[in-house]
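Here the structure is laid out as structure tokens; the discussion comes afterwards.
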Amino acid sequence: MNGILYFSSTGNSLFVAQKVQQRLSGELCYIPAYKGNGSEYEKIILVCPIYSFGLPAHVFDLLPRLRDRKVYMILTYGGMVAGADRLAYEYASENGLDIRGVYTVKMVENFTLTFSTPSFYNKAALRNAPGEIEKIIASIRRDDVHIPPEKKTKRRDYERNKANWHMIANDFSVSEDCIRCGKCVDLCPSGNITIKNGEIRFGQSCVACLGCYHRCPQKAIRYKNRIKRDRYFHPEVNEADLGKDVLYKGDHD
Ligand SMILES: Cc1cc2nc3c(=O)[nH]c(=O)nc-3n(C[C@H](O)[C@H](O)[C@H](O)COP(=O)(O)O)c2cc1C
């Protein structure tokens with residue numbers, strides 16, 4: 001059986017993972033909740049976003065457990081790959097994975113704390129992605145080897161950024177629109193958000209996925225107190241499917 005291991009905060013990578021499941025079949029697993037080492041699967045298709053020209057923390061941390069496993073990676077991104085596919089390949093190789101391919105798919109940008117992407121640009125990404133995804137799936141089905149050629153990566157920038165991601169939440173606050181529903185607490189993949197005495201608190205283990213920011217039903221989470229209303233979640237993905245059986249259950253009252 002295939003294992004389709006995914007990380008996603010705004011649905012783009014889940015959209016890809018669901019397409020892979022429809023076409024190739026297999027088990028979908030949300031990486032923050034996955035405790036295995038991949039040995040139950042013949043082939044692993046790992047789907048996740050590009051973060052800072054590299055991999056989300058949960059995916060980076062998973063790689064050592066997948067030693068000797070046959071793995072394909074599909075990376076979704078918003079604007080710039082900048083060698084992230086090659087860097088992902090290098091990390092996979094250094095961790096002893098039997099890495100067969102790394103593919104990239106352009107989707108909608110979700111790192112939009114300080115800027116917005118034009119809607120025509122987002123629409124084009126949503127329109128073009130399904131065709132790209134089908135080509136990738138066909139390539140994986142044929143068992144192609146698809147190694148990104150050697151190129152300059154941003155390994156040092158990535159590793160420095162990753163080390164600072166935990167501080168992003170220091171700049172989050174909640175506006176008076178917050179209704180203390182606890183959704184942010186439940187969806188945070190690192191258990192970084194709590195409600196204590198009716199107050200939302202952000203801790204020091206943020207992984208910068210921005211799930212809380214984009215998916216708050218009240219748009220009440222603000223970054224550096226900016227009043228900015230645009231939020232994103234993939235329009236064809238049912239949000240309740242994201243990590244549904246395995247949502248992190250934080251403590252809140
Ligand atoms: C912390 C962070 C860093 C990001 N870095 C990049 C990047 O280096 N290049 C890029 O093109 N997109 C970048 N993005 C955008 C995401 O890769 C893109 O929107 C992705 O499809 C989101 O996937 P998801 O909806 O499955 O979470 C970044 C997003 C976040 C939250």
Side-chain angles (χ1 to χ4, degrees), residues 4-21 28-32 45-60 73-88 91 102-118 121-126 128-130 132-133 136 148 151-172 187-190 192 205-215 221 223 230-239 241-244:
I4 306 157
L5 309 186
Y6 75 94
F7 182 79
S8 182
S9 65
T10 57
N12 290 343
S13 309
L14 178 55
F15 179 77
V16 176
Q18 287 175 336
K19 288 277 176 236
V20 172
Q21 189 186 38
L28 266 184
C29 298
Y30 179 55
I31 289 172
I45 299 117
L46 206 160
V47 190
C48 71
I50 290 175
Y51 280 4
S52 301
F53 316 122
L55 298 170
H58 285 90
V59 180
F60 183 87
M73 290 173 87
I74 308 176
L75 310 179
T76 71
Y77 70 99
M80 220 160 67
V81 174
D85 50 350
R86 180 68 194 185
L87 186 56
Y91 284 134
V102 184
Y103 301 84
T104 57
V105 192
K106 168 90 177 72
M107 301 291 272
V108 173
E109 174 69 51
N110 71 354
F111 198 77
T112 49
L113 296 172
T114 55
F115 66 93
S116 301
T117 48
Y121 191 74
N122 294 346
K123 281 185 190 147
L126 291 170
N128 296 333
E132 295 304 308
I133 296 164
I136 293 168
K151 63 181 99 136
K152 209 167 161 353
T153 68
K154 293 188 180 288
R155 183 185 286 243
R156 279 176 59 194
D157 292 345
Y158 164 66
E159 291 180 356
R160 194 184 51 236
N161 283 335
K162 185 161 91 69
N164 290 327
W165 282 339
H166 67 282
M167 293 189 299
I168 276 203
N170 294 345
D171 289 316
F172 281 150
L187 67 78
C188 175
S190 59
N192 192 47
S205 59
C206 180
V207 289
C209 76
L210 312 187
C212 59
Y213 176 82
H214 284 287
R215 290 158 61 192
I221 296 183
Y223 178 70
D230 59 318
R231 300 290 189 273
Y232 172 74
F233 195 86
H234 193 291
E236 288 175 51
V237 172
N238 178 1
E239 192 192 335
D241 288 341
L242 206 164
K244 68 175 168 204

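If you read the sequence from its start, that first residue is 1, and numbering goes on from there. All ligand and atom numbering here is 1-based and tracks the order in the structure. What you are looking at is a predicted structure, and each value in this text was computed from that prediction instead of being measured.
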Exercise. Take Y51 and F7 through the test side-chain contact (heavy atoms from CB on, under 4.5 Å) and record every step on the way to the result.
Key: CA-CA 11 Å; Y51 280 4; F7 182 79; 3.6 Å; yes

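In this comparison of T76, L242, L75, the heavy atom closest to atom 20 (C) of ligand 1 sits on T76. Of the candidates Y158, W165, F53, it is F53 that places a heavy atom closest to atom 8 (O) of ligand 1.
With contacts defined as side-chain heavy-atom distances shorter than 4.5 Å, the pair F111/L210 qualifies. A heavy-atom distance below 4.5 Å is found between the side chains of T112 and H214.
For the pair G79 and ligand 1, the shortest N or O to N or O distance falls below 3.5 Å. Any N or O atom pair closer than 3.5 Å counts here, and G11 shares at least one such pair with ligand 1. Here's the thing with G78: one of its N/O atoms is less than 3.5 angstrom from an N/O atom of ligand 1.
Distance alone, capped at 3.5 Å, places no donor-acceptor pair between the R231 side chain and the R215 backbone. D171 places no side-chain N or O within 3.5 Å of a backbone atom of Y223 that could act as its donor or acceptor partner.
Ranking protein heavy atoms by distance to atom 25 (O) of ligand 1, first place goes to T10 OG1, 2.5 Å. At the shortest separation from atom 17 (O) of ligand 1 among protein heavy atoms lies I50 O, 2.7 Å. The protein heavy-atom contact nearest to atom 15 (C) of ligand 1 is E109 OE2, 3.3 Å. In terms of protein heavy-atom proximity, atom 5 (N) of ligand 1 is nearest to S52 N, 2.9 Å. When only non-hydrogen protein atoms are considered, atom 19 (O) of ligand 1 lies nearest to V108 O, 2.7 Å. What sits closest to atom 27 (O) of ligand 1 on the protein, heavy atoms only, is S9 N, 2.8 Å. The protein heavy-atom contact nearest to atom 10 (C) of ligand 1 is M80 O, 3.4 Å. Nearest protein neighbour of atom 22 (C) of ligand 1, counting heavy atoms only, is N110 ND2, 3.4 Å.
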Show the atom names and distances, to 0.1 Å, of all donor-acceptor pairs under 3.5 Å that link a side chain in residues 8-16 to residues at least two apart or in another chain.
residue	atom	partner	partner atom	Å
S8	OG	G11	N	3.1
S8	OG	L14	N	3.4
S9	OG	C209	O	2.8
T10	OG1	N110	ND2	3.0
N12	OD1	Y232	OH	2.6
N12	ND2	V108	O	2.9
S13	OG	T76	OG1	3.0

Side-chain donor-acceptor distances from residues 77-87 under 3.5 Å, at least two apart:
residue	atom	partner	partner atom	Å
D85	OD1	K151	NZ	3.0
D85	OD2	K151	NZ	3.0
R86	NE	E90	OE2	3.4
R86	NH1	P148	O	2.7

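In plain terms, the two heavy atoms of F233 and N238 that are nearest each other are CE2-C, 4.5 Å. Y6 and P32 get closest at one heavy-atom pair: O-CD, 4.4 Å.
Using cut-offs of 30° and 60° for the angle between ring planes, the Y158 and W165 rings count as perpendicular.
Interface atoms of ligand 1 facing P49, defined by a heavy-atom separation under 4.0 Å, are 17 (O), 20 (C), 22 (C), 23 (O), 27 (O). Near A208, meaning under 4.0 Å from one of its heavy atoms, ligand 1 places the atoms 1 (C), 31 (C). Below 4.0 Å from some heavy atom of S13 lie the following atoms of ligand 1, by number and element: 23 (O), 24 (P), 26 (O).
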